[in-house]
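Keep in mind it's a predicted model, so treat the numbers as computed, not measured. Throughout, protein chains are lettered first and strands after them, A, B, ... in sequence-line order, and every chain is numbered starting at 1. FYI, side chains are in, hydrogens and waters are out, and symmetry mates aren't considered; it's all heavy atoms of this structure.
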Amino acid sequence: MTTRVRFAPSPTGYLHIGGVRTALFNWLWARKTGGAFVLRIEDTDQERSTAESVRVILDSLSWLGLDWDEGPGKGGPFGPYTQMERLGLYKEWAERLVREGKAYRCYCTKEELEEQRALLKARDPKATFRYPRTCLKRTDQPDLPFVVRFKSPDAGSISYRDKVFGLVTTPNAAQQDFVLLRSDGVPLYNFGAVVDDIQMGITLVARGRDHMVNTPPQIMLYEAFDAKIPDFAHLPMMLAQSGEKLSKRHGAVSVGEYQAQGYSPRAVLNYLARFGWSHGDQEVFSLDELVAAFDWEHCNKSDGKFDAKKFLAINHEHLKTPRLTGEDEYVDRLLPFLAARGVPGLVRERVLHVLPLIRERATTFVDAADRLDFVFRDPPVVDPAAAAKFLGPASAPLLRELIEVLRGVELWTVQAIEARVQAWLEDKKLQIKDVAQPARVALTGRTASPGLYEVIEALGRDRAIARLTSPAASPTSP
RNA sequence: GGCCCCAUCGUCUAGCGGUUAGGACACCGGCCUCUCACGUCGGUAACACGGGUUCAAUUCCCGUUGGGGUCGCCA
């Protein structure tokens, strides 16, 4: 049987980084096994679901490269892939359970139950409210709104062999007669997910550990439908450094934010893959390597804490390694960031030419754009503190001489420039460190930049000389 | 509180009875050096605790402690 896995987000906001990991592990498994990766939108919470959020999720997954074989915008043999478009199916399947005596109609109102719950909580705050089965023995069928409840067993237990946690056993007494269908006919999570997973032929359900508690009732449903129970794999939680659930107040948690911060999609996947899974000592992976190496055996059971520094380091690694990010792709991704900061005169060829200057330095595309800004912006943005420190009167004569040296360079290459400058320094009994910082500030506006000769070459003779000219002519007085 | 789950450096992790407990990020030094990086060399740093099992436990079992998940007509 071929593998069929799914990612089933609810469109109630941005795509959370933890959700991406769930999607990734499913995707990796599908790609590794040659199976199908199904995307299903679980929008049955009409209060919170939005079309905008669906769009964001689709965009984010596309950006990441987690392409789905079946799902929204793609279709497939088991569609539609949006739950609110499948209501007829849930109703039909719920009715079947009622007919078979495995579920029943419950006419208790939400308000009544909330009152009972509140009453219990008032008496014992830690007590667990369980539906008292008021409607279980009811034989009449009043013309009132009703929900459909599952008749869960009182005795026995459910066991399943989790792909990462091993054998998990839960007593059935822990379950209550949970609701399958709301009074408006919209399914609740456990029911909708199981009906869809059965109908869509899902063979393995991989999701966050926070869903582990849903597995026993879901297995009961598979049994009630006499359906084949899929494999389950639960992934440990991603927590904030504080140990709390990772949320907005711990920094960026949506993929969109990392995209905006200039992360490489594959670096995001790389970091996420190594969170809760390992492959010996290997830290850096291409997508192909990930697909080839991924397995459930090396998934970890314990929760982890998100480490923004390591994430950045992984991104840096991806940006500076040609094997992981090709030159063309780098420029494609970088260009929008340069444009966004209003860098003038952007020409793809020129960006390509100066890319080596910052390739090993930039940790994100935003950082890369910042480091390359001076190349394109004439005059460059000058840091006043840097100018005050290095462009004093003492440096003016040196810069004037440097201009002359540059005029004398014949072939405009890094090597030729360096050779001429070195010869001049030797002749004048000077050292490069005597001129490097003043020249750097004049050329780039900053005290930190790529190598001096590379910078000069990249600017071109005319622009380099122009930038050296004004501080050489009118030095700022101390 | 009930039910479920977890436990190796600060963090992500390797380890699947016998290791000087390894790697990565972070941190601290040295080297390289025109700045910033990169690179490189080295350093600090972990098996939660208590019982078993065993010739031998980080590794297997039990308990304690600690942490997390979940108890909705949310997903």
Side chain of A/Val147 - closest among B/C73, B/C36, B/C5: B/C73
Side chain A/Arg361 and base B/C38 donor-acceptor under 3.5 Å: no
Nucleotide nearest A/Thr170 (side chain, heavy atoms from C-beta), chosen from B/A14, B/C36, B/C3: B/C3
Sugar-phosphate, base or nothing in reach of A/Cys108, heavy atoms under 4.0 Å: base
Base partner of B/U20, which must satisfy Watson-Crick or wobble distances under 3.5 Å: none
C1' gap between B/U40 and B/U58, integer Å: 33 Å
Sidechain N-carboxylate O distance under 4.0 Å for A/Arg323, A/Glu289: yes
Contact under 4.0 Å: A/Arg182 side-chain N or O vs B/C74 OP1/OP2: yes
SB check A/Asp162 A/Lys301 (cutoff 4.0 Å): no
pair A/Cys106-A/Phe146: side-chain heavy atoms closer than 4.5 Å: no
Short N-O contact, A/Lys163 and A/Glu297, less than 4.0 angstrom: no
No-H, no-angle donor-acceptor pair, A/Ser449 side chain to B/C36 base, under 3.5 Å: no
Touch class at under 4.0 angstrom, heavy-atom based, for A/Thr44 against every strand present: sugar-phosphate
Nucleotide paired to B/G39 in any strand shown, Watson-Crick or G-U, under 3.5 Å: B/C31
Sugar-phosphate only, base, or nothing, as touched by A/Arg130 at under 4.0 Å among non-hydrogen atoms: nothing
Sugar-phosphate, base or nothing in reach of A/Phe311, heavy atoms under 4.0 Å: nothing
Salt bridge present between A/Lys310 and A/Glu283 (N-O < 4.0 angstrom): yes
Min side-chain heavy-atom separation A/Thr215-A/Phe232 under 4.5 Å: yes
Sugar-phosphate, base or nothing in reach of A/Lys301, heavy atoms under 4.0 Å: sugar-phosphate
Nearest to side-chain heavy atoms of A/Lys310, which nucleotide of B/G23, B/G68, B/A14: B/G23
Listed nucleotide nearest any side-chain atom of A/Lys305, set B/G68, B/C36, B/U11: B/U11
Rounded distance (Å) that lies between atom P of B/C74 and atom NE2 of A/His211: 15 Å
Distance, P atom - from B/U59 to B/G43, rounded to whole angstrom: 28 Å
A/Gln437 CD to B/C36 C1', straight-line distance once rounded to whole Å: 9 Å
Rounded P spacing from B/A24 to B/U44 in Å: 15 Å
Touch class at under 4.0 angstrom, heavy-atom based, for A/Thr447 against every strand present: base
Gap in Å between the two P atoms, one belonging to B/C60 and one to B/A14, rounded: 13 Å
Distance-only donor-acceptor test (3.5 Å): side chain A/Ser302, base B/C6: no
Identified pairing partner of B/A57, criterion: Watson-Crick or G-U wobble below 3.5 Å: none
Distance, rounded to the nearest Å, where A/Tyr271 contributes OH and B/A26 contributes P: 12 Å
Per A/Glu283 side chain, nearest of listed nucleotides B/C34, B/A24, B/A75: B/A24
C1' gap between B/U19 and B/A37, integer Å: 37 Å
Nucleotide forming a Watson-Crick or wobble pair with B/G66, both distances under 3.5 Å: B/C6
Nucleotide of B/U35, B/U11, B/C34 approaching A/Ala448 most closely (side-chain heavy atoms): B/U35
Closest nucleotide among B/C4, B/C73, B/U8 to the A/Leu113 side chain: B/C73
Rounded distance in Å between the C1' positions of B/A57 and B/G52: 12 Å
Atom pair distance, as rounded to whole Å: CD in A/Gln218 and P in B/U70: 15 Å
Sugar-phosphate, base or nothing in reach of A/Gly276, heavy atoms under 4.0 Å: sugar-phosphate
Whole-Å gap separating P (B/G72) and CG (A/Asp184): 19 Å
Touch class at under 4.0 angstrom, heavy-atom based, for A/Thr363 against every strand present: nothing
Side chain of A/Pro171 - closest among B/C12, B/C4, B/G23: B/C4
Selection from B/C74, B/U70, B/C4 that lies nearest to any side-chain heavy atom of A/Leu188: B/C74
Pair A/Phe306 + A/Tyr271: ring centers closer than 6.0 Å: yes
Donor/acceptor link under 3.5 angstrom from A/Asn214 side chain onto base of B/A75: yes
Sugar-phosphate only, base, or nothing, as touched by A/Asp124 at under 4.0 Å among non-hydrogen atoms: nothing
Side-chain N,O (A/Asn190) to OP1/OP2 (B/G72) below 4.0 Å: no
Sugar-phosphate, base or nothing in reach of A/Ser183, heavy atoms under 4.0 Å: base
From B/G72, B/C74, B/C6, nucleotide with atom closest to A/Arg48 side chain: B/C74
side-chain N/O A/Arg371 vs B/C38 OP1/OP2, d < 4.0 Å: no
Nearest-Å distance once atom C1' is located in both B/U8 and B/C16: 14 Å
Integer-rounded Å distance: B/G15 P and A/Gln282 CD: 14 Å
Carboxylate-amine/guanidinium contact A/Lys245 A/Asp303, below 4.0 Å: no
N/O donor-acceptor pair, side chain A/Asp303 with base B/G68, under 3.5 angstrom: no
Parallel, tilted or perpendicular, as decided by the 30° and 60° cut-offs, for the rings of A/Phe311 and A/Tyr263: tilted
Distance, P atom - from B/G51 to B/C27, rounded to whole angstrom: 40 Å
Separation of B/G39 P from A/Lys320 NZ (nearest whole Å): 4 Å
4.5 Å side-chain heavy-atom contact, A/Gln422 and A/Tyr453: yes
Whichever of A/Arg274 and A/His298 has its nearest RNA chain B nucleotide further upstream toward 5': A/Arg274
Spacing between A/Met238 atom CE and B/G67 atom P, to the nearest angstrom: 22 Å
Position toward the 5' end of RNA chain B (nearest nucleotide), A/His316 or A/Arg21: A/Arg21
